[in-house]
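Counting convention: from 1, in listed order, for ligands and their atoms alike.
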Amino acid sequence: MDIRHDWTVAQVREIYDLPLTELVFRAQTVHRQHHPENAVQLCTLLSVKTGGCPEDCAYCPQSARNDADVEPEKLLSVESVLSSARKARESGSTRFCMGAAWRDAKSGKQFDDVLTMVRGVRELGMEACATLGMLNDDQAKALADAGLTAYNHNIDTSREFYGSIITTRTFDERLQTLERVTNAGIGVCCGGIIGLGESITDRCRMIVTLARMTPHPSSVPVNALVPVSGTPLENQPRVDPLELVRMIAVARITMPKAMVRLSAGRSELSREAQMLCFMAGANSIFYGDKLLTTGNPDVEADQKLLADLGMKALVPHAHPHPTAAE
Ligand code: SAM
Ligand code: DTB
Ligand code: SF4
């Protein structure tokens, strides 16, 4: 099937609602046309600047407006970040993602440090991804010059539901940063969260926004809400894993070349549910005991899972270059 950028909500909904075996079969068929089978990229996440964020994202333990048990910290030193990156590489990770709880990327010393971190990660032979909040054009350009592989900036949900989750920034501001990232020649890593209380239509609308981007994002993280005590969404019920499978399948079918990342919420999934996610086209996971502030499966458990499934870790550059995702 050709790569399309004209998806409608009705078309995506029709796919989302297919009988699950049919949906997963179609997704796996698309997957095999565009990706090596049985391979998964291992990405390590590190919170380089934790907590105290001025934004009010209802799901997020790092928002200063929420009451989660997260101690705000300063930006980590370049040395400690690169030492974590080295350990991640030794354990088999090929991508290192650095997250900062900022509304927008800072100028001056802190931003220069982040650029040094990006260069250092690239020198280790790993892909480098960062998520630092909103960027201006100069910052996007500087990150591109430092060799950043991709910038993570999620749209999280539909435009219509966005205001129920975040009030301190708009959906359009999100899109604007993504455009700056694309213009700077950096890969776009953009996805969202399910389980926020959104409807299925909201999920389909989110997919349509992503699948209408030109080019499609080079990677699409699909997060299941991790309800954290002290956040407004602490009592949200956990997502049914089968809904995560549907979401991954729809992302795979609509964005055939993207790396679809099974992201937050994996600790709560059985090995069988994770297997279904891989069948549905997920080909990337966060690897390492921690996401930003919440838990992730142990490295040993993941190594055993991949071995038992007969899956191999994707080696760097064995998949399409992020800027050549079309
Ligand atoms: N501050 C930056 C930003 O918002 O773009 C970067 C860090 S932010 C923590 C990155 C993403 O993590 C969010 O866009 C959201 O999709 C995801 N996230 C945060 N808290 C989560 C939670 N409790 N459960 C699932 N995903 C979460
Ligand atoms: C993404 O979509 N998920 C990651 C990454 N991008 C930065 C973050 C998940 C965070 C889960 C909550 C936490 O650990 O704080
Ligand atoms: Fe801040 Fe990002 Fe958390 Fe929102 S998701 S509160 S912007 S760290």
Side-chain angles (χ1 to χ4, degrees), residues 43-73 75 95-106 114 129-135 150-157 162 165-171 173-178 181 188-198 206 210 217 219-236 238-239 244 247-248 251 258-269 282 284-297:
C43 310
T44 297
L45 193 52
L46 178 69
S47 182
V48 299
K49 156 70 186 89
T50 304
C53 183
E55 302 276 44
D56 71 350
C57 310
Y59 49 75
C60 188
Q62 301 199 68
S63 166
R65 299 165 193 242
N66 296 343
D67 214 10
D69 191 14
V70 169
E71 254 333 286
E73 284 170 20
L75 182 66
R95 182 169 171 118
F96 194 70
C97 311
M98 296 164 276
W102 286 329
R103 171 175 164 78
D104 37 30
K106 303 293 163 244
V114 171
C129 181
T131 177
L132 316 168
M134 293 184 244
L135 296 180
Y151 194 76
N152 168 247
H153 202 63
N154 291 342
I155 56 168
D156 282 334
T157 188
Y162 202 76
I165 298 297
I166 301 153
T167 68
T168 50
R169 60 168 184 252
T170 63
F171 196 76
E173 284 177 307
R174 254 0 224 179
L175 298 180
Q176 198 175 44
T177 293
L178 290 166
V181 168
V188 163
C189 170
C190 184
I193 313 185
I194 63 169
L196 303 169
E198 75 287 347
M206 176 177 93
L210 297 170
S219 52
V220 178
V222 180
N223 297 278
L225 176 72
V226 179
V228 180
S229 300
T231 65
L233 298 181
E234 62 183 353
N235 294 321
Q236 271 298 116
R238 292 272 182 180
V239 165
L244 198 55
M247 202 60 190
I248 287 170
M259 300 298 291
V260 175
R261 187 166 306 119
L262 170 57
S263 303
R266 204 162 58 81
S267 292
E268 294 296 313
L269 296 184
S284 171
I285 55 172
F286 284 123
Y287 177 68
D289 316 346
K290 212 166 164 208
L291 291 168
L292 293 173
T293 65
T294 66
N296 198 44

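- Side-chain contact of Arg95 with Tyr287: a donor-acceptor pair under 3.5 Å is absent, judged by distance alone.
- Salt bridge Asp67/Arg65: absent, no basic N to carboxylate O contact under 4.0 Å.
- Put simply, atom 6 (S) of ligand 3 has protein non-hydrogen atoms near it, under 4.0 Å away.
- For the atom pair CG of Leu262 and CD1 of Ile248, the computed distance is 5.0 Å after rounding to the nearest 0.5 Å.
- Set against the non-hydrogen atoms of Pro221, the atoms of ligand 2 under 4.0 Å away are 2 (O).
- Residues Asn152 and Pro221 approach most closely at ND2-CG, 3.8 Å, considering heavy atoms.
- Protein heavy atom in closest approach to atom 5 (C) of ligand 2: Phe286 CZ, 3.8 Å.
- For the residue pair Pro232 and Ala58, the shortest heavy atom distance occurs at CD-O, 3.1 Å.
- At a heavy-atom cutoff of 4.0 Å, ligand 2 is contacted by no atom of Val228, backbone or side chain.
- Contact atoms of ligand 1 toward Ala100: 1 (N), 2 (C), 6 (C) (distance under 4.0 Å to a heavy atom of the residue).
- Between the side chain of Asn66 and the backbone N or O of Cys60 there is at least one donor-acceptor pair closer than 3.5 Å.
- Atom 12 (O) of ligand 1 lies below 4.0 Å from none of the non-hydrogen atoms of the protein.
- Put simply, CG on Leu233 and CG on Leu225 are 5.5 Å apart, with the number rounded to the nearest 0.5 Å.
- The SG atom of Cys189 sits 4.5 Å away from atom CZ of Arg261, with the distance rounded to the nearest 0.5 Å.
- The two residues Glu234 and Val228 make their nearest non-hydrogen contact at CB-O, 3.3 Å.
- The protein non-hydrogen atom at the shortest distance from atom 15 (O) of ligand 2 is Thr293 OG1, 2.6 Å.
- Among all non-hydrogen protein atoms, the one lying nearest atom 20 (N) of ligand 1 is Tyr59 CD1, 3.3 Å.
- In this structure, the separation between CD1 on Ile193 and CD on Glu198 is 9.0 Å, given to the nearest 0.5 Å.
- Taking both residues in full, the closest heavy atoms of Asn296 and Gly288 are given as ND2-O, 2.8 Å, listed atom of the first, atom of the second, then distance.
- One option in Thr50, Asn223, Asp156 has a heavy atom closer to atom 2 (O) of ligand 2 than any other, and that option is Asn223.
- Side-chain N or O atoms of Arg169 include none that pairs as donor or acceptor with a backbone N or O of Glu55 at under 3.5 Å.
- Taking atom 3 (Fe) of ligand 3 as the reference point, the nearest protein heavy-atom neighbour is Cys60 SG, 2.3 Å.
- For atom 10 (C) of ligand 2, the closest non-hydrogen atom on the protein side is Leu292 CD1, 4.1 Å.
- Atoms of ligand 3 lying under 4.0 Å from any heavy atom of Ala101, numbered from 1 in the order shown and given with element: 8 (S).
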Pair Tyr59, Asn223 - check side chain to side chain donor-acceptor pair (under 3.5 Å), show working. CA-CA 11 Å; Tyr59 49 75; Asn223 297 278; over 6 Å; no

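- Taking every heavy atom of both residues into account, Cys190 and Ile155 meet most closely at SG-N, 3.6 Å.
- For Gly195, the closest heavy-atom approach to ligand 1 does not fall below 4.0 Å.
- Of the heavy atoms in Ala224, only backbone atoms (N, CA, C, O) come closer than 4.0 Å to ligand 1.
- Within the model, atoms CG of Asp156 and CZ of Arg174 stand 6.0 Å from one another, a figure rounded to the nearest 0.5 Å.
- The distance criterion of under 3.5 Å between nitrogen or oxygen atoms is not met by Asn152 with respect to ligand 1.
- Taking only nitrogen or oxygen atoms, main chain and side chain alike, Ala101 does not reach within less than 3.5 Å of ligand 1.
- Protein heavy atom nearest atom 4 (Fe) of ligand 3, with residue, atom name and distance: Cys57 SG, 2.3 Å.
- At a 4.0 Å cut-off, at least one heavy atom of Arg174 sits close enough to ligand 1 to count as contact.
- Within the 4.0 Å heavy-atom criterion, both parts of Val226, backbone and side chain, lie near ligand 1.
- Which parts of ligand 1 touch Ala264 is read off a 4.0 Å heavy-atom cut-off, strictly below it: atoms 25 (C), 26 (N).
- Only side-chain heavy atoms of Arg169 come within less than 4.0 Å of ligand 3; its backbone N, CA, C and O stay farther off.
- Pairing each heavy atom of Pro61 with each of Thr293, the nearest pair is CG-OG1, 3.3 Å.
- Around atom 15 (C) of ligand 1, the closest heavy atom drawn from Asp156, Thr131, Leu132, Asn223 belongs to Asp156.
- Interface of Asn154 with ligand 2, defined as ligand atoms under 4.0 Å from a residue heavy atom, comprises 1 (C), 2 (O).
- Nearest protein heavy-atom contact of atom 27 (C) of ligand 1 is Ile193 CD1, 3.8 Å.
- Between Cys57 and ligand 1 there is no heavy-atom distance shorter than 4.0 Å.
- Taking every non-hydrogen atom of Pro61 and a distance limit under 4.0 Å, the qualifying atoms of ligand 2 come out as 15 (O).
- At a 3.5 angstrom cut-off on N or O pairs, Asn154 counts as close to ligand 1.
- Heavy-atom contacts of Leu292 reach the following atoms of ligand 1: 9 (C) (cutoff under 4.0 Å).
- One option in Asn296, Asn152, Thr294, Leu46 has a heavy atom closer to atom 11 (C) of ligand 2 than any other, and that option is Thr294.
- If you take CD1 on Ile165 and CG on Leu196, they are separated by 4.5 Å, rounding to the nearest 0.5 Å.
- For atom 3 (Fe) of ligand 3, the N/O/S atoms of Cys53 include none lying under 2.8 Å.
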